[in-house]
Novice: 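I am attaching a structure below and will ask some questions about it afterwards.
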Amino acid sequence: MEEVRKKQKLNKKIMRIFVIVTAVFLFAYIGIAPAVTNSEIASVLNYACDILVVVSLILVLYYYSKYSKLELFLNDVEAEINDHGYYFTARQEREIEPYLNAVEADLKNNGFTIDKNLELSELPFDARALKMKEFFYLVCVDELDKNDVVAYLDSAIYDVSVGNLRRKGNCVVAFFCSSVDEDALSLSKAVTAMGRKNQLKFTVAITDVKEGKVYFSGLYPTKCQQMTANYIMKCEVPIDGKYFGKEKLPFQYELEEKMKKFTIKDFKDGTFSVH
């Protein structure tokens with residue numbers, strides 16, 4: 001991944017330099033053009049402008065066709081690797097039902113419309129909370145495993161994109177459990193983005209109620225991070241350091257090792273799987 005990152009950053013730097021040089025040259029040319037009386041010099045300046053514009057366009061098109069999706073992918077993977085393993089919740093409840101009730105009360109007090117005890121794609125959801133472009137799906141389960149996370153996440157994605165016909169927004173699928181399988185935690189940092197410009201995003205928040213720990217993607221300030229911090233953890237953003245877990249999760253180290261074998265070809269072929 002490091003070599004891929006170096007090439008991506010080098011190409012981005014070259015593209016930006018050419019674009020800036022072209023912009024500066026064009027502004028300078030516009031300023032001096034009226035004063036240029038020599039036809040040969042004017043012709044040379046015109047050709048130079050044309051060449052710079054064409055080269056800049058080629059570099060921009062080349063970069064975004066090759067690296068735009070790759071850059072987003074690498075940003076997400078690096079966030080998973082570098083994130084804190086977990087966060088401590090500011091809530092005091094240590095049983096599932098009272099914790100869920102406290103979350104629902106805060107959502108309702110902040111303008112969310114709450115539907116309780118839903119069945120979506122044949123899966124039971126304890127609650128769904130909607131407000132404008134913000135969505136919460138709340139699930140209580142004693143023991144959480146990876147299959148549960150995948151199934152409920154798929155169901156929420158279908159409900160938002162098909163059931164509610166949304167193309168923009170942020171969604172948190174929140175699990176409240178007494179114990180969680182290690183494989184399930186490997187999905188806690190993942191971000192699922194949909195749409196042409198990734199304007200519809202889904203994240204997972206896993207709360208081990210007994211331990212008072214919340215596993216989610218919290219490294220960078222995003223809308224989903226804010227939603228999780230405000231309502232699941234009941235704290236403000238930026239998240240205070242006292243809520244940071246000191247240990248990373250095993251899957252983060254495994255992912256870091258796995259990414260050492262990452263290539264652009266694998267990414268384009270769709271043969272590289274993070275989880």
Side-chain angles (χ1 to χ4, degrees), residues 72-73 75-89 91 96 99-100 103 107 118 120-121 123-130 133-161 166 169-194 198 200-209 211-235 237 239 243 245 248-252 254-255 273-275:
L72 292 172
F73 171 77
N75 288 341
D76 289 341
V77 172
E78 288 172 347
E80 290 191 50
I81 293 172
N82 297 323
D83 198 1
H84 303 282
Y86 55 87
Y87 296 80
F88 293 105
T89 179
R91 294 189 182 277
I96 293 177
Y99 201 106
L100 173 66
V103 171
L107 289 169
L118 302 173
L120 305 172
S121 302
L123 290 174
F125 285 81
D126 290 86
R128 176 182 62 192
L130 310 176
K133 297 178 182 178
E134 299 176 20
F135 310 86
F136 275 98
Y137 289 81
L138 310 179
V139 181
C140 295
V141 55
D142 286 331
E143 299 179 1
L144 183 69
D145 63 29
K146 188 174 183 178
N147 291 331
D148 291 329
V149 177
V150 172
Y152 277 99
L153 179 60
D154 286 346
S155 180
I157 290 173
Y158 182 85
D159 188 59
V160 172
S161 60
R166 300 299 176 90
N170 296 277
C171 176
V172 176
V173 183
F175 297 91
F176 307 102
C177 55
S178 299
S179 65
V180 54
D181 187 78
E182 191 172 289
D183 287 339
L185 295 180
S186 67
L187 300 177
S188 62
K189 307 294 182 182
V191 178
T192 302
M194 300 177 64
N198 294 334
L200 184 57
K201 294 184 178 180
F202 296 81
T203 62
V204 170
I206 300 172
T207 303
D208 186 331
V209 177
E211 296 292 329
K213 296 177 179 178
V214 183
Y215 303 86
F216 73 106
S217 179
L219 184 63
Y220 297 123
T222 64
K223 187 61 180 177
C224 287
Q225 181 230 42
Q226 179 191 343
M227 291 165 64
T228 302
N230 290 166
Y231 298 107
I232 307 301
M233 292 174 57
K234 199 175 178 59
C235 70
V237 291
I239 301 173
Y243 297 116
K248 282 194 173 185
L249 302 176
F251 92 88
Q252 291 175 288
E254 294 170 5
L255 180 56
S273 175
V274 175
H275 300 288

Novice: Write down the atom of L219, the atom of Y87, and the distance for their closest heavy-atom approach.
Specialist: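 Between these two residues, the closest heavy atoms are N-OH, 3.5 Å.
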Novice: Return the minimal non-hydrogen interatomic distance between V139 and P124, and the atom names on each side.
Specialist: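 Result for this residue pair: CG1-O, 4.5 Å.
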Novice: Is V173 close to T203 at the side-chain level, that is, under 4.5 Å between some pair of heavy atoms?
Specialist: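 No - every pair of side-chain heavy atoms lies 4.5 Å or more apart.
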Novice: Mark yes or no for whether T228, through its side chain, and C224, through its backbone, hold a donor-acceptor pair below 3.5 Å.
Specialist: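 Such a contact is found between T228 side chain and C224 backbone.
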Novice: Stepwise, does the side chain to side chain contact (heavy atoms under 4.5 Å, CB included) test hold for V214 with F88?
Specialist: CA-CA 6 Å; V214 183; F88 293 105; over 6 Å; no
Novice: Could you check whether any side-chain heavy atom of L144 comes within less than 4.5 Å of a side-chain heavy atom of V141, counting everything from C-beta outward?
Specialist: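 Side chain of L144 against side chain of V141, heavy atoms only: contact under 4.5 Å found.
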Novice: At their closest point, which heavy atom of F135 faces which heavy atom of G169, and how far apart are they?
Specialist: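 Of all heavy-atom pairs spanning F135 and G169, the closest is CE1-CA, 4.3 Å.
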Novice: Nearest 0.5 Å please: distance from the NZ atom of K201 over to the OG1 atom of T222.
Specialist: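 Reported value, rounded in 0.5 Å steps: 7.0 Å.
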Novice: Is there side-chain contact between D142 and I96, with at least one heavy-atom pair below 4.5 Å?
Specialist: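 In contact.
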Novice: Taking C-beta and beyond as the side chain, do M194 and I157 meet within less than 4.5 Å on heavy atoms?
Specialist: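 In contact.
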Novice: How about F176 and Y99: are their ring centres within less than 6.0 Å of each other?
Specialist: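 Centroid distance F176-Y99: below 6.0 Å, so yes.
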Novice: Report the residues that fulfil salt bridge (charged side-chain N to carboxylate O under 4.0 Å, His left out) with K234, sequence neighbours left out, ordered by chain and then residue number.
Specialist: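 Salt bridge (charged side-chain N to carboxylate O under 4.0 Å, His left out) check on K234 returns D106.
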Novice: Using the rule given for side chain to side chain contact (heavy atoms under 4.5 Å, CB included), can you reason through C177 versus I206, listing the C-alpha separation, both sets of side-chain angles and the distance that settles it, and then say yes or no?
Specialist: CA-CA 8 Å; C177 55; I206 300 172; 4.1 Å; yes
Novice: Please list, chain by chain and in numerical order, all residues satisfying salt bridge (charged side-chain N to carboxylate O under 4.0 Å, His left out) with D208, sequence neighbours excluded.
Specialist: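 D208: no salt bridge (charged side-chain N to carboxylate O under 4.0 Å, His left out) contacts found.
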Novice: Walk me through whether L255 and E80 qualify under side chain to side chain contact (heavy atoms under 4.5 Å, CB included).
Specialist: CA-CA 8 Å; L255 180 56; E80 290 191 50; 3.9 Å; yes
Novice: Are any non-hydrogen side-chain atoms of S161 and R166 less than 4.5 angstrom apart?
Specialist: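 Of all side-chain heavy-atom pairs linking R166 with S161, none is under 4.5 Å.
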Novice: From L187 CG over to K146 NZ, what is the distance, rounded to the nearest 0.5 angstrom?
Specialist: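 That separation rounds to 5.0 Å.
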Novice: Keeping the roles fixed (side chain from D83, backbone from G218), state whether a donor-acceptor pair exists under 3.5 Å.
Specialist: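 Between the backbone of G218 and the side chain of D83 there is a qualifying donor-acceptor contact (under 3.5 Å).
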Novice: Measuring from D145:CG to E182:CD, what's the distance to the nearest 0.5 Å?
Specialist: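 The CD atom of E182 is 13.5 Å from CG of D145, to the nearest 0.5 Å.
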Novice: Supply the atom-to-atom distance L120 CG to S155 OG, rounded to the nearest 0.5 angstrom.
Specialist: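 Output value for this atom pair is 5.0 Å.
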Novice: Going by salt bridge (charged side-chain N to carboxylate O under 4.0 Å, His left out), name the residues that satisfy it together with K223, two or more places apart in sequence or in a different chain.
Specialist: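 So K223 forms a salt bridge (charged side-chain N to carboxylate O under 4.0 Å, His left out) with E134.
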Novice: Return yes if some donor-acceptor pair links the side-chain N/O of E143 with the main-chain N/O of V180 below 3.5 Å, else return no.
Specialist: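 A pair under 3.5 Å: no.
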Novice: Looking at every non-hydrogen atom in both residues, tell me the closest pair between K248 and I81 and how far apart they are.
Specialist: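 Distance-wise, the nearest heavy atoms are NZ-O, 2.7 Å.
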Novice: Please tell me if the side chains of K189 and F251 come closer than 4.5 Å, counting only heavy atoms from C-beta onward.
Specialist: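 Yes; the side chains approach each other to less than 4.5 Å.
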Novice: Going from CG on L153 to CG on D148, what distance comes out if it is rounded to the nearest 0.5 angstrom?
Specialist: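 Interatomic distance, L153 CG to D148 CG, rounded to 0.5 Å: 12.0 Å.
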Novice: Compute the centroid of each ring, for Y152 and then for F125, and state whether the two points are separated by less than 6.0 Å.
Specialist: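 Yes - the distance between ring centres of Y152 and F125 falls below the 6.0 Å cut-off.
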Novice: Would Q225 and S217 count as a side chain to side chain contact (heavy atoms under 4.5 Å, CB included) here? Give the steps.
Specialist: CA-CA 7 Å; Q225 181 230 42; S217 179; over 6 Å; no
Novice: Measuring only between side-chain heavy atoms, which start at C-beta, is F216 closer than 4.5 Å to M233?
Specialist: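 Heavy-atom side-chain distance check passes, below 4.5 Å.
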Novice: Do the side chains of L138 and R128 get nearer than 4.5 Å, heavy atoms only?
Specialist: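 No; the side chains remain at least 4.5 Å from each other.
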Novice: Looking only at heavy atoms, which two atoms of L249 and G85 are closest? And how far apart?
Specialist: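 Here L249 and G85 meet closest at CD1-O, 3.4 Å.
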Novice: Is it true that the side chains of Y137 and D159 contain a donor and an acceptor less than 3.5 Å apart?
Specialist: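 Looking only at side-chain atoms, D159 and Y137 do form a donor-acceptor pair, the distance falling under 3.5 Å.
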Novice: For F202, is there any backbone N or O sitting under 3.5 Å from a side-chain donor or acceptor partner on N170?
Specialist: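 Such a contact is absent between N170 side chain and F202 backbone.
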Novice: For T89 and R91, indicate whether the former's side chain and the latter's backbone hold a donor-acceptor pair under 3.5 Å.
Specialist: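 Yes: the side chain of T89 pairs with the backbone of R91.
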Novice: Calculate, to the nearest 0.5 Å, the distance between atoms CG and CZ belonging to D126 and F175 respectively.
Specialist: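 It comes to 11.0 Å.
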